[in-house]
Amino acid sequence: MKTNLRAFAVGIIFATGVMGVAYSIVSSDTLGESDVKAYAKENNMHLLTNEEYQELLPSIEEEKPEEQNTEQSPPDEEQQKPEDEAPVEESNEPFDVNIPDGMATYEVSELLEAEGVIKDADEFDAFLEDRDIATRVRAGTFTMKKNMSYEEAAGVLIRQ
């Protein structure tokens, strides 16, 4: 068994070397300046030198704050709210989250993010994996709150 495995590994390494050499020989063609200019002309593009680009940057940065100010100013109707209206606060009441059988941990993380329990599904999934508790997440109905910490959410999911 060991000899077969070693022979297979040597074959893979040899094939990789052959492919690497073939790739370096075949792909030695590089684009020249004339090729780039011809491509740009064919596709109605304009090439800028580094100096031209640097000259344009300050004018672009000056335009951005103006665009942001127009986007941030709400219409006049929204600015005039009746004074007797109290701001609506989002309550952090517990609610049930159902985790079906057969759901992978990344799917559980995405579900919790969609429900607002956690902020980032990828970070929570990495949190579970780093602590070797991803396999302990079980199916069922769990009582959770919005914006829980990863530790709190994991504790509920693994029933600590």
Side-chain angles (χ1 to χ4, degrees), residues 1-24 27 31 39 43 45-46 48 50 53-160:
M1 177 70 180
K2 282 186 178 180
T3 10
N4 290 340
L5 188 60
R6 285 181 186 162
F8 180 73
V10 168
I12 293 293
I13 291 171
F14 180 74
T16 304
V18 169
M19 294 297 289
V21 169
Y23 178 76
S24 66
S27 68
L31 289 177
Y39 178 81
N43 293 301
M45 295 179 178
H46 182 73
L48 296 176
N50 199 17
Y53 177 72
Q54 293 300 329
E55 288 174 14
L56 289 175
L57 277 180
S59 64
I60 293 172
E61 290 174 0
E62 290 171 3
E63 291 175 10
K64 283 186 182 179
E66 293 172 7
E67 292 173 4
Q68 290 174 353
N69 289 341
T70 57
E71 291 174 4
Q72 291 176 355
S73 61
D76 291 336
E77 296 172 5
E78 290 181 12
Q79 289 177 352
Q80 299 173 354
K81 290 185 180 178
E83 293 180 11
D84 46 299
E85 258 187 49
V88 179
E89 292 186 18
E90 192 174 312
S91 65
N92 198 7
E93 295 294 320
F95 60 95
D96 289 339
V97 177
N98 185 28
I99 309 293
D101 278 335
M103 193 176 239
T105 53
Y106 73 90
E107 293 172 316
V108 172
S109 300
E110 289 172 357
L111 174 68
L112 294 179
E113 181 182 24
E115 293 288 336
V117 175
I118 58 171
K119 291 183 182 175
D120 187 276
D122 293 329
E123 286 181 15
F124 184 66
D125 197 40
F127 173 84
L128 294 174
E129 292 291 335
D130 290 343
R131 285 161 182 76
D132 292 327
I133 56 176
T135 57
R136 294 175 52 198
V137 174
R138 300 289 176 235
T141 303
F142 302 95
T143 303
M144 305 188 103
K145 292 183 179 182
K146 297 227 181 247
N147 298 318
M148 293 177 80
S149 70
Y150 296 155
E151 292 86 7
E152 293 171 330
V156 172
L157 291 174
I158 62 173
R159 295 187 177 123
Q160 276 187 343

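All values reported here derive from a predicted model rather than from experimental measurement. These values consider heavy atoms only, across backbone and side chains, with no hydrogens, waters or symmetry-generated copies.
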* Asked: Within a radius of less than 6.0 Å around CG of D101, do more than 12 heavy atoms belonging to other residues, nucleotides or ligands occur?
  -> no
* Structure fact -> All heavy atoms of E113 vs all of A121, minimum pair found to be OE1-CB, 3.2 Å
* Asked: What are the two closest heavy atoms between A134 and E129, and how far apart are they?
  -> CB-OE2, 3.3 Å
* To do: I would like to know whether M103 and V137 meet side chain to side chain contact (heavy atoms under 4.5 Å, CB included); could you show each step before the answer?
  => CA-CA 10 Å; M103 193 176 239; V137 174; over 6 Å; no
* Structure fact -> Taken in chain and number order and not counting sequence neighbours, the residues that satisfy side chain to side chain contact (heavy atoms under 4.5 Å, CB included) with R138 are R159
* Centre of Y150's six-membered ring, under 6.0 Å away, within 45 degrees of the axis: is that where NZ or CZ of K119 sits? -> no
* Asked: Looking at residues at least two apart in the chain, or sitting in another chain, which of them share a side chain to side chain contact (heavy atoms under 4.5 Å, CB included) with I12?
  -> F8, T16
* Asked: CD/E110 to CG/D120 distance, rounded to the nearest 0.5 angstrom?
  -> 10.5 Å
* To do: Could you pull out all residues at least two apart from D132 that satisfy side chain to side chain contact (heavy atoms under 4.5 Å, CB included)?
  => none
* Between CG of D125 and CD of E123, what distance do you get to the nearest 0.5 Å? -> 11.0 Å
* So with a 6.0 Å cut-off around CZ of F142, is the heavy-atom count from everything else above 12? -> yes
* Which value, rounded to the nearest 0.5 Å, describes the distance between E152 atom CD and I118 atom CD1? -> 12.5 Å
* About how many Å separate CD of E93 and NZ of K146, when rounded to the nearest 0.5 Å? -> 12.0 Å
* Heavy-atom closest contact (K145 atom, P94 atom, distance) -> CE-CG, 3.8 Å
* To do: Would you indicate whether the side-chain heavy atoms of V97 and V156 approach each other to under 4.5 Å?
  => no
* Structure fact -> dist L111:CG -> N98:CG (nearest 0.5 Å) comes out at 8.5 Å
* Starting at CD of E151, measure out to CZ of F124 and round the result to the nearest 0.5 Å. => 9.5 Å
* Considering residues, nucleotides and ligands other than Y39, do more than 12 of their heavy atoms fall under 6.0 Å from its OH? -> no
